[in-house]
Amino acid sequence: MQTQRTRSYSQALHEAIEQEMTRDSNVFVMGQGIDDFKGMYGTTKGLVERFGPNRVFDTPLAEEGMTGIAIGAAMAGMRPIHTHIRMDFMLLAMNQIVNIAAKSHYMYGGAISVPIVIRSVIGRSWGQGAQHSQGLHSLFMHIPGLRVVAPTTPYDAKGCLIASIRDDNPVMFVEHRMVHFQTGHVPEESYTVPTGQARVLAKGDDVTIVGISHAVVECMRAKVCLEQVGIHAEVIDPVWLSPLDVDTIANSVERTGALLVVDSGWTFTGASAEIVAAVGERLQGKKVFKFQRMGFAPVPCPTTKNLEKQYYPDAAGIASSAFSLVRGSKEHWKPEIVDAPEILEFKGPF
Amino acid sequence: MQTQRTRSYSQALHEAIEQEMTRDSNVFVMGQGIDDFKGMYGTTKGLVERFGPNRVFDTPLAEEGMTGIAIGAAMAGMRPIHTHIRMDFMLLAMNQIVNIAAKSHYMYGGAISVPIVIRSVIGRSWGQGAQHSQGLHSLFMHIPGLRVVAPTTPYDAKGCLIASIRDDNPVMFVEHRMVHFQTGHVPEESYTVPTGQARVLAKGDDVTIVGISHAVVECMRAKVCLEQVGIHAEVIDPVWLSPLDVDTIANSVERTGALLVVDSGWTFTGASAEIVAAVGERLQGKKVFKFQRMGFAPVPCPTTKNLEKQYYPDAAGIASSAFSLVRGSKEHWKPEIVDAPEILEFKGPF
Amino acid sequence: MIDRLFRSLFLIRRVEEEIARVYPSDKIMSPVHLSIGQEAISVGVCATLRPEDVVFGTYRCHALYLAKGGNLKAMIAELYGKFAGCAKGKAGSMHLIDTSAGVMGASAVVSSTIPTSVGYAFAEKTRGKDTVVACFFGDGATEEGVFHEALNFASLKKLPVVFICENNYYAIHSTESARRGGPEITAMAQAHGIPAIKLEGMNIEEIIQSVGKAVEEIRNGGGPRFFEIMCYRWKEHVGPNDDFGVGYRKKEEAEPWLANDQVQVVGNKLSEEDRRRIEIAVEAEIAEAFAFAESAELPPDSELLSDIFRTH
Amino acid sequence: MIDRLFRSLFLIRRVEEEIARVYPSDKIMSPVHLSIGQEAISVGVCATLRPEDVVFGTYRCHALYLAKGGNLKAMIAELYGKFAGCAKGKAGSMHLIDTSAGVMGASAVVSSTIPTSVGYAFAEKTRGKDTVVACFFGDGATEEGVFHEALNFASLKKLPVVFICENNYYAIHSTESARRGGPEITAMAQAHGIPAIKLEGMNIEEIIQSVGKAVEEIRNGGGPRFFEIMCYRWKEHVGPNDDFGVGYRKKEEAEPWLANDQVQVVGNKLSEEDRRRIEIAVEAEIAEAFAFAESAELPPDSELLSDIFRTH
Ligand SMILES: Cc1ncc(C[n+]2csc(CCOP(=O)(O)OP(=O)(O)O)c2C)c(N)n1
Ligand SMILES: Cc1ncc(C[n+]2csc(CCOP(=O)(O)OP(=O)(O)O)c2C)c(N)n1
Ligand SMILES: [Mg+2]
Ligand SMILES: [Mg+2]
């Protein structure tokens with residue numbers, strides 16, 4: 001038996017960038033601090049030595065302007081990867097992303113295209129607080145003309161990033177800080193993960209649990225707990241949030257009759273609302289299903305640990321919700337606290 | 001019998017501002033061009049003469065900065081009304097709105113508050129195109145700490161604006177260009193419309209139609225057509241999108257068994273998804289209902305008239321969808337084209 | 001040279017006059033921002049550029065599009081919302097594009113093409129091309145933060161961009177005194193390390209000389225240059241009409257500008273005969289373009305959902 | 001005067017040293033950006049302000065908060081995530097606030113408090129108050145467009161703001177040469193019509209004198225003033241450690257700054273006795289604050305959902 005090649009999520013991203021930059025001289029990376037010793041959480045480390053400062057460079061603090069600059073370079077035929085250490089900063093670049101990147105191909109009747117990848121990190125970790133921990137993928141899902149992808153496994157990280165770089169359209173590439181440390185199988189060769197295809201991470205017949213970004217890691221832990229009480233959950237990672245693979249989810253729900261969506265973001269008018277509504281559309285007249293949405297508490301993220309812990313859905317809470325969904329709302333059960341090592345072990349300051 | 005006092009939506013807004021500025025010297029209005037001869041579609045006309053240039057003033061072109069300036073003035077205890085002739089420009093101010101205005105009260109543990117009203121116009125009219133016609137209210141609904149209101153009648157325009165000005169929290173006040181011309185009863189005295197309460201515009205038992213912003217005007221036209229084929233639609237204007245009055249809508253759907261949501265925006269991960277999901281949450285286990293979402297086509301808005309017409313849901317299309325929802329998807333009917341005078345009669349250039 | 005300049009100036013003026021004439025018929029159902037009175041800037045700057053050089057503009061882009069050689073028929077068809085338009089009828093007047101002529105588009109969001117033009121220049125420089133990018137915007141655009149962000153990066157990387165600020169004193173109806181606290185716009189460019197020149201008096205020859213020198217320096221690796229060129233918008237901000245009666249400006253203010261009409265100034269340098277010849281040819285071209293647009297097809301309904309993503 | 005300055009400088013230095021000492025215990029589970037080495041700017045500027053004047057800061061706000069008179073116990077309790085914190089434990093180190101002392105908050109988003117401080121100044125001026133607003137930010141913040149937007153408006157309306165750019169040469173690990181194309185930061189302020197002065201050499205007396213004069217002029221209606229004050233961050237960008245070994249800067253670079261430690265320079269002007277008296281009092285105050293924070297309660301669970309909206 002061949003041993004699997006194991007890499008971390010960060011390493012997988014690094015490898016994707018390195019391979020694509022080698023393959024295509026139009027690919028370049030820009031972002032605040034990407035050429036420093038931390039190298040964007042290690043994902044861009046050493047690239048400047050390899051590819052030189054024209055293709056790997058630090059930028060001024062100017063999110064809107066630098067996004068426009070990346071877009072302009074893309075219009076000229078290059079393929080920029082623009083990185084942001086926090087997704088919260090994307091709010092400064094919304095105009096260029098939504099009014100220019102997302103619209104140009106359509107608005108100009110196909111005359112130009114904007115092949116740009118915007119990487120940003122959902123910053124949950126170590127009391128980052130209200131302005132450094134937002135998962136804002138739902139905002140981008142709402143905008144036609146943008147692709148949104150939020151891979152969670154190292155395998156998908158590499159394959160989705162390569163697919164995003166090769167995509168001729170703007171892609172919002174969402175990385176959760178807490179999945180950067182996950183390890184898993186990553187083939188050495190170059191490969192792409194198909195756009196708009198969800199991944200069934202675990203099979204089960206009793207309830208469909210959809211987890212977005214880091215939440216899906218907690219969903220997998222919840223699944224293990226649920227097995228102990230005889231509930232077999234199917235766990236689905238949508239991977240691509242736009243286009244969203246509604247079929248895979250709806251087919252599962254048609255079988256299980258129950259849907260739990262757990263987001264790494266707020267629920268109100270967010271991805272979880274879309275998933276529920278879209279599955280409902282597919283199944284209406286065919287199958288009545290029970291459902292529930294979970295996500296961040298509907299407030300900005302507090303820094304203090306005890307409130308922060310309540311702020312996020314955790315494996316125990318997910319398992320408990322799935323239990324009630326399957327057994328009926330009058331039945332309650334909650335497993336003991338389930339360890340989330342990536343969260344327990346993470347230490348700041350950053 | 002007393003004759004009703006009739007005013008246009010724009011006049012209603014003007015009156016609200018004038019009365020609040022008279023009542024409270026902390027209220028002021030700022031925005032690009034508000035003191036010019038057009039006066040923000042007439043809604044700020046003459047105010048500078050009445051209240052002087054310290055309280056009614058034009059601003060530089062600087063959406064992010066001016067939003068921050070309004071927020072700072074609000075932190076000092078004033079009550080700014082900041083206006084934008086197109087909602088599309090709000091994308092330039094997302095950071096101040098989301099990272100500062102929405103979060104400050106919570107993030108600082110209640111130490112300060114941000115009583116600011118941000119008025120912006122959904123610009124449908126006369127081939128405005130991709131960057132001048134977006135209805136982006138769904139983006140703001142996703143953010144905890146913001147209120148979002150989109151009144152459609154002159155009565156609600158005045159009452160909601162006064163309520164928004166007096167609210168101690170940031171309010172995104174969404175005006176659709178095509179409702180500016182609507183006329184209706186507007187009392188002279190000052191009054192508020194309660195926050196978070198939907199309005200049932202027409203009673204009916206067969207289907208619940210929820211229309212957001214200008215779409216509700218088309219929904220009312222659709223209702224008239226539907227009566228002719230014996231379908232009695234209940235038409236609901238949510239008025240406040242956040243907080244959203246799910247109860248009123250869910251109670252109606254529980255009775256009618258069918259829900260059609262028509263948005264003045266895109267459907268994917270938008271307000272219509274939330275309404276469907278939230279009503280589903282309320283009614284699950286109680287009532288199975290049929291539903292459909294309608295909204296802008298999932299592309300940027302094209303300028304040419306024939307594509308633009310298809311881009312927007314219209315009264316005939318809404319009626320047709322409601323018909324199929326009630327009679328089953330195999331039954332089709334579409335009324336003759338229903339006049340939308342505000343759209344037919346509108347002439348640019350702007 | 002003079003005949004080419006006149007041809008371009010006259011073409012733009014007459015096209016826009018035709019647009020204004022047609023507009024009340026509602027055949028053009030979309031906002032138009034006319035450049036009438038400001039044409040000499042686009043024509044002068046583009047006269048210093050090569051065909052492979054590119055330009056980025058604003059919603060007020062008719063003059064720039066035509067000066068750079070954008071296809072006239074495709075432009076008028078675009079305004080008429082026809083499928084043969086330069087953007088299949090999806091863009092309208094505010095977003096003209098003709099990549100084959102180096103017209104890289106225009107945006108209705110003030111100042112949003114400033115960074116994209118800088119990014120384009122970055123790409124060209126990185127790949128060793130000697131393209132010059134001309135970036136056009138109004139005085140109002142200089143108040144947006146992104147203007148500074150883009151200038152800073154252009155300066156930092158010494159990019160081949162010539163920034164052209166068309167200062168017509170107004171942003172819609174707002175005067176500069178309501179919008180700007182600083183002294184000259186050029187001072188802001190200089191504060192970013194970009195050599196900047198202000199040109200007053202609206203003289204196309206001066207524009208060509210001054211910008212031409214800068215373009216040459218830029219092409220030789222000298223980094224970005226900035227021009228503030230004073231001008232005057234003769235028509236209303238948006239739409240086909242005059243607007244001296246509505247209150248924000250007086251006709252007297254316009255008079256010196258009207259008297260210094262560069263279309264006439266340049267035209268007068270030609271012989272009567274040469275001028276007539278050009279005028280006749282241009283009129284024919286315009287008539288043809290409008291006739292083409294009139295009779296062209298609307299986009300098929302299926303176009304509504306096409307072009308949202310580019311797929312190979 | 002000297003004793004008050006020393007007290008403030010010493011307090012800030014020692015508080016941050018204590019934070020650094022406690023940090024590895026994980027009692028402070030949130031990022032901390034220390035001002036060690038930069039204290040003299042906050043202390044100097046705040047010495048020129050009145051209690052009713054207000055300040056706005058960045059995530060690197062410990063020094064500013066304390067210099068302006070923010071409550072020490074509430075600060076340490078905030079860092080510990082306790083309910084008695086200045087923001088009930090919801091804000092942490094990056095968002096300190098004490099409105100009663102005129103500390104109007106700080107933001108983790110670079111440059112986002114620049115416009116809010118200008119808006120605050122607008123409100124005060126409009127209502128006829130003579131408040132001066134001090135707006136603190138780093139060198140990196142000047143690259144954000146909103147910096148320019150805010151300066152332009154402050155200049156346009158002649159608002160009572162003193163802008164304080166703490167230029168410590170770095171934005172995280174990025175040097176100015178990787179980020180800025182222009183000459184001096186002060187040139188950008190001047191281009192917005194704001195008188196600007198650059199202070200080198202990190203001398204608290206010079207800061208007090210120069211800023212003090214400007215604050216007086218501002219209070220008399222002279223409009224905004226801008227200062228770029230050169231300084232050096234002794235510790236890593238975020239966190240309690242030194243970072244001269246990691247590669248982006250060398251210890252030698254720091255040496256002149258370390259030698260010019262304003263805490264010592266000012267302390268040395270006091271008699272041994274006075275200095276000891278202050279130090280003992282400060283140490284006691286700090287010990288008390290940390291003890292208070294240690295024993296204070298966490299916020300109740302119900303706090304998670306409170307404060308989202310203000311209701312009368
Ligand atoms: C970001 C943004 N803010 C506001 C507007 C509304 N608007 C359209 S044109 C215009 C004036 C721009 O003035 P200027 O840059 O001087 O160009 P001009 O129209 O004079 O050519 C404004 C404010 C806009 N389109 N985009
Ligand atoms: C808008 C935004 N972009 C990027 C960041 C990430 N970031 C945090 S601190 C920092 C450096 C800021 O440098 P400077 O303004 O000089 O302040 P200093 O930390 O040196 O005090 C950056 C880039 C941020 N917080 N906000
Ligand atoms: Mg102008
Ligand atoms: Mg710095």
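All chains are named by letter (A, B, ...) in the order of the sequence lines, taking the proteins before the strands, and each is independently numbered beginning at 1. These numbers were taken from a predicted model, which means no experiment stands behind them.
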Could you pull out the closest heavy-atom pair between [X] and [Y], with the gap in Å?
| X | Y | value |
| --- | --- | --- |
| B:G127 | C:P31 | O-CD, 3.3 Å |
| C:L304 | B:A297 | CD2-CB, 3.8 Å |
| B:L307 | C:P300 | CD2-O, 3.6 Å |

For [X] and [Y], indicate whether the former's side chain and the latter's backbone hold a donor-acceptor pair under 3.5 Å.
| X | Y | answer |
| --- | --- | --- |
| B:T303 | C:G89 | yes |
| C:E143 | B:P60 | no |
| B:N306 | C:D301 | no |

Under 4.5 Å from a heavy atom of chain C, the part of [X] involved:
| X | result |
| --- | --- |
| B:K309 | neither |
| B:L92 | side chain |
| B:D36 | side chain |
| B:P298 | both |
| B:F37 | side chain |

Can you tell me which of [options] forms the most heavy-atom pairs within a distance under 4.5 Å of chain B?
| options | answer |
| --- | --- |
| C:S107, C:P299, C:S306 | C:P299 |
| C:G92, C:A87, C:A108 | C:A108 |
| C:V146, C:V238, C:V246 | C:V246 |

Examine whether an atom of [X] lies under 4.5 Å from a heavy atom of chain B, and if so say whether it belongs to the side chain, the backbone or both; otherwise answer neither.
| X | answer |
| --- | --- |
| C:T142 | neither |
| C:I28 | backbone |
| C:H95 | side chain |
| C:A91 | backbone |

Counting C-beta onward and ignoring hydrogens, is there a side-chain heavy-atom pair between C:I172 and B:Q32 closer than 4.5 Å?
no
Which of parallel (below 30°), tilted (30 to 60°) and perpendicular (above 60°) describes B:W126 and C:Y23?
perpendicular
Using a cut-off of 6.0 Å, state whether more than 12 heavy atoms not belonging to B:K45 lie near its atom NZ.
no
Separation between CD (B:Q310) and CG (C:L305), nearest 0.5 Å, reads 8.0 Å
Looking at CZ of B:F89 and OG of C:S112, how far apart are the two atoms once the value is rounded to the nearest 0.5 Å?
9.5 Å
With C:A141 via side-chain contact (heavy atoms from CB on, under 4.5 Å) - residues at least two apart
C:V110, C:S111, C:I114, C:F137
Show, in sequence, the C-alpha distance, side-chain angles and deciding distance for C:M29 and B:E308, and conclude whether the side chain to side chain contact (heavy atoms under 4.5 Å, CB included) test is met.
CA-CA 11 Å; C:M29 297 180 85; B:E308 198 192 36; over 6 Å; no
Verdict with supporting geometry, C:E144 and B:E64, side chain to side chain contact (heavy atoms under 4.5 Å, CB included):
CA-CA 9 Å; C:E144 294 282 358; B:E64 169 81 358; over 6 Å; no
